[in-house]
K.L.:
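Shown below is the structure under consideration.
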Amino acid sequence: MDTDKIRKWLNALFMIGALASVILYFAMDDKQVFFYVCLTSLCLKVVEFFIRFTR
């Protein structure tokens, strides 16, 4: 698979995760789910960042 396609998928997943994080932050009293979703989307963004700068 092409690295550009992988980067696009990772960016899309990051944006979905970021939107879900904002919704979860304001919608739930228990912030544990928010932290997990936010951490996962940030990890996806870091992976995309390293793919972008190592090729």
Side-chain angles (χ1 to χ4, degrees):
M1 187 178 265
D2 188 25
T3 57
D4 286 335
K5 286 185 180 181
I6 294 172
R7 284 186 50 231
K8 286 179 186 178
W9 275 101
L10 289 173
N11 268 331
L13 291 173
F14 166 73
M15 287 188 271
I16 292 168
L19 180 63
S21 296
V22 170
I23 292 169
L24 287 173
Y25 181 78
F26 291 110
M28 299 183 73
D29 291 332
D30 183 22
K31 301 295 185 212
Q32 188 173 9
V33 177
F34 157 75
F35 287 124
Y36 288 138
V37 172
C38 188
L39 180 65
T40 303
S41 61
L42 286 174
C43 288
L44 289 172
K45 188 62 181 174
V46 169
V47 169
E48 187 271 333
F49 174 80
F50 282 124
I51 289 173
R52 183 179 355 146
F53 285 105
T54 58
R55 70 174 202 157

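For the numbers below, each heavy atom of this structure counts, side chains included, while hydrogens, waters and symmetry mates do not. Counting from 1, the numbers follow the sequence of the chain as shown. Remember, it's a predicted structure, so these values are computed and weren't measured experimentally.
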K.L.:
Mind jotting down which residue pairs meet the salt bridge (Lys or Arg N to Asp or Glu O under 4.0 Å) criterion with at least one end in residues 22-41? Sequence neighbours excluded, please.
P.N.:
none
K.L.:
Residues in side-chain contact (heavy atoms from CB on, under 4.5 Å) with V47, at least two apart?
P.N.:
L10, I51
K.L.:
Please report the interatomic distance CG(L42) to CZ(F35), rounded to the nearest 0.5 Å.
P.N.:
11.5 Å
K.L.:
For V22, check side-chain contact (heavy atoms from CB on, under 4.5 Å) against everything at least two apart and list the hits.
P.N.:
F26
K.L.:
Quick test of your reading: applying side-chain hydrogen bond (donor to acceptor under 3.5 Å, both in side chains), list the pairs with at least one residue in residues 34-44, sequence neighbours left out, ordered by first then second residue.
P.N.:
Q32-Y36
K.L.:
Taking only residues at least two apart or on different chains, which pairs with a member in residues 10-25 satisfy side-chain hydrogen bond (donor to acceptor under 3.5 Å, both in side chains)?
P.N.:
N11-K45
K.L.:
Just jot down the salt bridge (charged side-chain N to carboxylate O under 4.0 Å, His left out) partners of R7, sequence neighbours excluded, or say none.
P.N.:
D4, E48
K.L.:
Please enumerate all residues that pass ring pair (Phe, Tyr, Trp, His ring centres under 6.0 Å) together with F53, with sequence neighbours excluded.
P.N.:
F49
K.L.:
Are I6 and L13 linked, directly or through other ILVMFWY residues, by side chains that come within less than 4.5 angstrom of each other?
P.N.:
yes
K.L.:
Taking all non-hydrogen atoms of both residues, which atom of L44 and which atom of F14 are closest, and how far apart?
P.N.:
CD1-N, 4.4 Å
K.L.:
If two hydrophobic side chains count as joined below 4.5 Å and joins carry through other members, does V37 share a cluster with I16?
P.N.:
no
K.L.:
Linking Ile, Leu, Val, Met, Phe, Trp and Tyr through side-chain heavy atoms less than 4.5 Å apart, which residues share a cluster with I23?
P.N.:
L19
